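This is a predicted model, so every value here is computed, not measured. Nothing fancy with the numbering, it's 1 onward along the sequence.
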Amino acid sequence: MGPLAELLLLLCVLYGGSCEDSAIIVPGEEGGQAVLPCNTMAVNATSVTWFMVNPRVEVLSCDKEGSSNPKYSRLNGSSLLILDLRLQDEGFYGCKVCSEMADPPAHIQLKIASGPHNITFQISPTNILPNDPPAYAMGCSVNYTGVPSQFSLTCYWLGGYPAPQLQWENDGKILSNGTLDTLLVTLNSSEYTDKPKPTCKGQHTITNEIKVDTCNVHLGYPNLQSHALRTCIKGENVTLSCSVFGANPPAVITWLRNVSNPNVEVRSGAKYQIVQIGNDSFLTIVNCSKEEDEGNYICKSENGVATKEIYIWLDVTTPHNIVGLVSAIMILFLVVVALITGTVLYCDPQIYIKANPFRKGESEVLVLVESEEEEEMQQVGDSVVNTPYTDAEPSTPAVANGNIYKHEVLFHSPPDNISSDLLSEVSEETEGEHLEEDF
């Protein structure tokens, strides 16, 4: 028994099945011949015997080249040749080396096929179809085949009998034609220096009536639009976008990396997420890093008519101390506000009540000056400032036309050696004057 037969025997014993179910099937035709090979364990075994099971009948013995039945004979030493096959020859056959005592399981099943003979076919139409022209207008479409620089054109004119004659042309050159309701042709854009302008022409003939129709396909190159530079803070996510327009057939968008390995296609996964909505494609980079993700990314668009690419540079930056920067700006802002406020308080005398707190060691006297016009008021102010301080009562300020139109408070500093009692008297007199005016 050969290695194959031994393996089949082992399998059928292990799984408890019928060994005959694992036999090798050898087909034969009634009246013809069949050759059954003997797969024995001995490599050069030539002395074998053949037997048929159910019931067991020896068809070729060890000590004879042939059999008592002339239809059985040896072939190439160990194979069994059966001539003039009959249906009763169908069954399971086995072989063994003559030195073996026990019969191995049958490893070959012979199946005989017979009939039918002299078959005659007759084909005829069940009904006669009328010749009516196509009820629909012609239609054309273009599709991307998925192969770079290759696209397919489809022309159809349905609803007519018999089938119309269709023909694809480009600039007067015939691309393909045929008598059928749908015509498909595949073109390679590399064969054309300019954009092809294919046209499909259809013609349907019924007796003396000829119906003609055409349709065109407008092909378009894909055009890309995107931002040339994107920035990502280390450890965060960033999304690159790419839009395609003007493509016919519709373009397929792919993303490529040109960082460490040039032009490696980017596929969706845990690191990269690609989403396409209509003609817009979005590439999201998760947890971007300067070492792995910074560099050029390529948005590639192809539709068989042309292939276009656009480069996007991703810059990965390290986050700075934002809190410290904001705090410094706020402190600087408060300092500026304080300086402006101090300057206004120091320079604008109208804000003072009695004394300027920014002038140390000085006292000021409030003097009420009445004038009609700005010039007279200024003259009076100058005379008051330039007049030396005395203990005498101040003269009454000049009054224009006897009427008081405007009040202005002027200040001047008394001498340093003035007594505190005098300052007190001046303050009390001033307050008394204010009370009298109020009443």
Peer 1: Testing the 3.5 Å rule here: is there a donor-acceptor pair between the side chains of T199 and N216?
Peer 2: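 Indeed, the side chains of T199 and N216 share at least one donor-acceptor pair under 3.5 Å.
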Peer 1: Just to verify, what does T284 make a side chain to side chain donor-acceptor pair (under 3.5 Å) with, not counting sequence neighbours?
Peer 2: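 For T284, the residues satisfying side chain to side chain donor-acceptor pair (under 3.5 Å) (neighbours in sequence not counted) are T239.
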Peer 1: Could you check whether any side-chain N or O of D315 sits under 3.5 Å from a backbone N or O of T231, counting only pairs where one atom can act as donor and the other as acceptor?
Peer 2: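 Between the backbone of T231 and the side chain of D315 there is no qualifying donor-acceptor contact (under 3.5 Å).
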Peer 1: Indicate the atoms forming the closest heavy-atom contact of I274 with V266, along with that distance.
Peer 2: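 Between these two residues, the closest heavy atoms are CD1-O, 3.3 Å.
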Peer 1: Check whether more than 12 heavy atoms from other residues, nucleotides or ligands sit under 6.0 Å from atom NZ of K111, and answer yes or no.
Peer 2: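 Incorrect, the count does not exceed 12.
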Peer 1: What residues, two or more places apart in sequence or in another chain, satisfy side-chain contact (heavy atoms from CB on, under 4.5 Å) together with E209?
Peer 2: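 For E209 there are no side-chain contact (heavy atoms from CB on, under 4.5 Å) partners, ignoring immediate neighbours.
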Peer 1: Do you know the tightest heavy-atom contact between G178 and L180?
Peer 2: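 Scanning both residues, the minimum pair turns out to be C-CD2, 3.3 Å.
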Peer 1: With the side chain counted from C-beta on, respond yes when I112 and R86 share a heavy-atom pair under 4.5 Å apart, and no when they do not.
Peer 2: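 The answer is no, as the side chains (C-beta and beyond) never meet within the 4.5 Å cut-off.
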Peer 1: When rounded to the nearest 0.5 angstrom, what distance separates CD1 in I310 from NZ in K308?
Peer 2: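 These two atoms lie 11.0 Å from each other.
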Peer 1: Nearest 0.5 Å please: distance from the CG atom of N177 over to the CG atom of L183.
Peer 2: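 Going from CG on N177 over to CG on L183, the span is 7.5 Å.
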Peer 1: Looking at K234, I want to see if its NZ is surrounded by more than 12 non-hydrogen atoms of other residues, nucleotides or ligands under 6.0 Å.
Peer 2: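 No - once you tally the heavy atoms of other residues, nucleotides and ligands closer than 6.0 Å, there are 12 at most.
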Peer 1: Checking C242 against F282 for the side-chain contact (heavy atoms from CB on, under 4.5 Å) test, could you report, in this order, the C-alpha distance in whole Å, the side-chain angles of both residues, the deciding distance, and whether it holds?
Peer 2: CA-CA 6 Å; C242 180; F282 303 92; over 6 Å; no
Peer 1: More than 12 foreign heavy atoms under 6.0 Å from CD of E29: is that the case here?
Peer 2: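 Open: at most 12 neighbouring heavy atoms sit under 6.0 Å from CD of E29.
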Peer 1: Is it the case that more than 12 heavy atoms not belonging to Y136 sit under 6.0 Å from its OH atom?
Peer 2: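 12 or below, so no.
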Peer 1: If you count heavy atoms of other groups shown closer than 6.0 angstrom to CD1 of I119, is the number above 12?
Peer 2: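 Enclosed: over 12 neighbouring heavy atoms sit under 6.0 Å from CD1 of I119.
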Peer 1: Around atom CZ of R267, are there more than 12 heavy atoms from other residues, nucleotides or ligands closer than 6.0 Å?
Peer 2: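 Count not over threshold, so no.
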Peer 1: Do the side chains of Y297 and R257 get nearer than 4.5 Å, heavy atoms only?
Peer 2: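 Heavy-atom side-chain distance check passes, below 4.5 Å.
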Peer 1: Sequence neighbours left out, what passes side chain to side chain donor-acceptor pair (under 3.5 Å) with S149? Give chain and number order.
Peer 2: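 None.
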Peer 1: Given 3.5 Å as the limit, does a donor-acceptor pair link the side chain of S189 with the main chain of G304, or not?
Peer 2: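 Side chain of S189 to backbone of G304: a pair is present.
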Peer 1: Determine whether T186 and F151 make a side-chain contact, defined as any pair of heavy atoms from C-beta on separated by less than 4.5 Å.
Peer 2: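 With C-beta onward as the side chain, the pair stays apart.
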Peer 1: Could you tell me which non-hydrogen atom of W50 sits nearest to which non-hydrogen atom of G94, and how far apart they are?
Peer 2: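 Taking W50 first and G94 second, the nearest heavy atoms are CE3-O, 3.3 Å.
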Peer 1: C232 versus D293: any side-chain heavy-atom pair under 4.5 Å?
Peer 2: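 Side-chain contact under 4.5 Å: no.
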Peer 1: How close do L87 and E30 get, heavy atom to heavy atom, and via which atoms?
Peer 2: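 Taking every non-hydrogen atom into account, CG-OE2, 4.2 Å.
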Peer 1: At what distance, to the nearest 0.5 angstrom, does CG of L334 lie from CG of L339?
Peer 2: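 One finds 11.0 Å between CG of L334 and CG of L339.
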Peer 1: Would you say the side chain of S241 lies within less than 4.5 Å of the side chain of H227, judging by non-hydrogen atoms?
Peer 2: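 With C-beta onward as the side chain, the pair touches.
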Peer 1: Sub-3.5 Å donor-acceptor pair from the side chain of N296 to the main-chain atoms of Y311, do we have one?
Peer 2: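 Between the backbone of Y311 and the side chain of N296 there is no qualifying donor-acceptor contact (under 3.5 Å).
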Peer 1: Tell me, which pairs form a side-chain hydrogen bond (donor to acceptor under 3.5 Å, both in side chains) where one or both residues lie in residues 150-161, sequence neighbours left out?
Peer 2: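 Matches after skipping sequence neighbours: T145-Q150.
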Peer 1: Please say whether more than 12 non-hydrogen atoms of neighbouring residues, nucleotides or ligands are located less than 6.0 Å from CD in E90.
Peer 2: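 Counting other residues, nucleotides and ligands, CD of E90 exceeds 12 neighbours.
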Peer 1: Could you walk me through whether Q273 and V286 pass the side-chain contact (heavy atoms from CB on, under 4.5 Å) check?
Peer 2: CA-CA 8 Å; Q273 299 173 2; V286 180; 4.0 Å; yes
Peer 1: With no hydrogens and no angle check, is any side-chain donor or acceptor of T49 less than 3.5 Å from a backbone partner on K96?
Peer 2: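 Pair absent, no side-chain N/O of T49 close to backbone of K96.
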Peer 1: Which residue pairs pass the disulfide (SG to SG under 2.5 Å) test with at least one member in residues 112-188, sequence neighbours excluded?
Peer 2: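 Sorted result for residues 112-188: C140-C215, C155-C200.
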Peer 1: Does V48 reach the side chain of R74, with side-chain heavy atoms less than 4.5 Å apart?
Peer 2: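 Yes, their side chains come closer than 4.5 Å.
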Peer 1: Locate the shortest heavy-atom distance separating L85 from G28; write the atom from each residue and the value.
Peer 2: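 Taking L85 first and G28 second, the nearest heavy atoms are CD1-CA, 3.8 Å.
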Peer 1: Check the pair K201, E169 against salt bridge (Lys or Arg N to Asp or Glu O under 4.0 Å), reporting the backbone distance first and the verdict last.
Peer 2: CA-CA 8 Å; K201 296 182 179 180; E169 298 180 0; 3.4 Å; yes
Peer 1: Do S176 and Q167 get their side chains close enough for a donor-acceptor pair, meaning under 3.5 Å?
Peer 2: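 Judged by distance alone, the side chains do not pair up.
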Peer 1: What's the shortest heavy-atom distance between A306 and P222, and which atoms?
Peer 2: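 Closest heavy-atom pair between A306 and P222: O-CG, 3.7 Å.
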Peer 1: Using 4.0 Å as the upper bound for N to carboxylate O, is an ion pair formed by D213 and K211?
Peer 2: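 Here K211 does not pair with D213 in a salt bridge, since their nearest N and O are not under 4.0 Å apart.
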Peer 1: Drop me the distance from I253's CD1 to S301's OG, to the nearest 0.5 angstrom.
Peer 2: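 Separation between the atoms: 5.5 Å.
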Peer 1: How many angstroms lie between atom CZ of F92 and atom CD of Q109, to the nearest 0.5 angstrom?
Peer 2: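 One gets 3.5 Å once the value is rounded to the nearest 0.5 Å.
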Peer 1: Can a donor-acceptor pair be found, under 3.5 Å and without considering hydrogens, that links the side chain of K197 to the backbone of V217?
Peer 2: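 No: the side chain of K197 does not pair with the backbone of V217.
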Peer 1: Is the closest side-chain heavy-atom distance between C95 and H107 below 4.5 Å?
Peer 2: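 They are in side-chain contact.
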Peer 1: So L80 and I82, do their side chains get closer than 4.5 Å, heavy atoms only?
Peer 2: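 In contact.
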Peer 1: Would you please test D89 and M52 for side-chain contact (heavy atoms from CB on, under 4.5 Å) and show each step?
Peer 2: CA-CA 9 Å; D89 295 328; M52 187 177 182; 6.0 Å; no
Peer 1: Walk me through it: do Q33 and L81 pass the test side-chain contact (heavy atoms from CB on, under 4.5 Å)?
Peer 2: CA-CA 7 Å; Q33 62 182 16; L81 175 63; 4.2 Å; yes
Peer 1: Ignoring hydrogens and geometry beyond distance, is a side-chain donor-acceptor pair present between D280 and S243 at under 3.5 Å?
Peer 2: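 Yes, because at least one side-chain N or O of D280 sits under 3.5 Å from a partner of the opposite role on S243.
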Peer 1: Are the side chain of N303 and the backbone N or O of G220 linked by a donor-acceptor pair below 3.5 Å?
Peer 2: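 Pair found, side chain donor or acceptor close to backbone of G220.
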Peer 1: Taking only residues two or more places apart in sequence or in another chain, which ones pass side chain to side chain donor-acceptor pair (under 3.5 Å) with N223?
Peer 2: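 N223 satisfies side chain to side chain donor-acceptor pair (under 3.5 Å) with no residue once adjacent residues are dropped.
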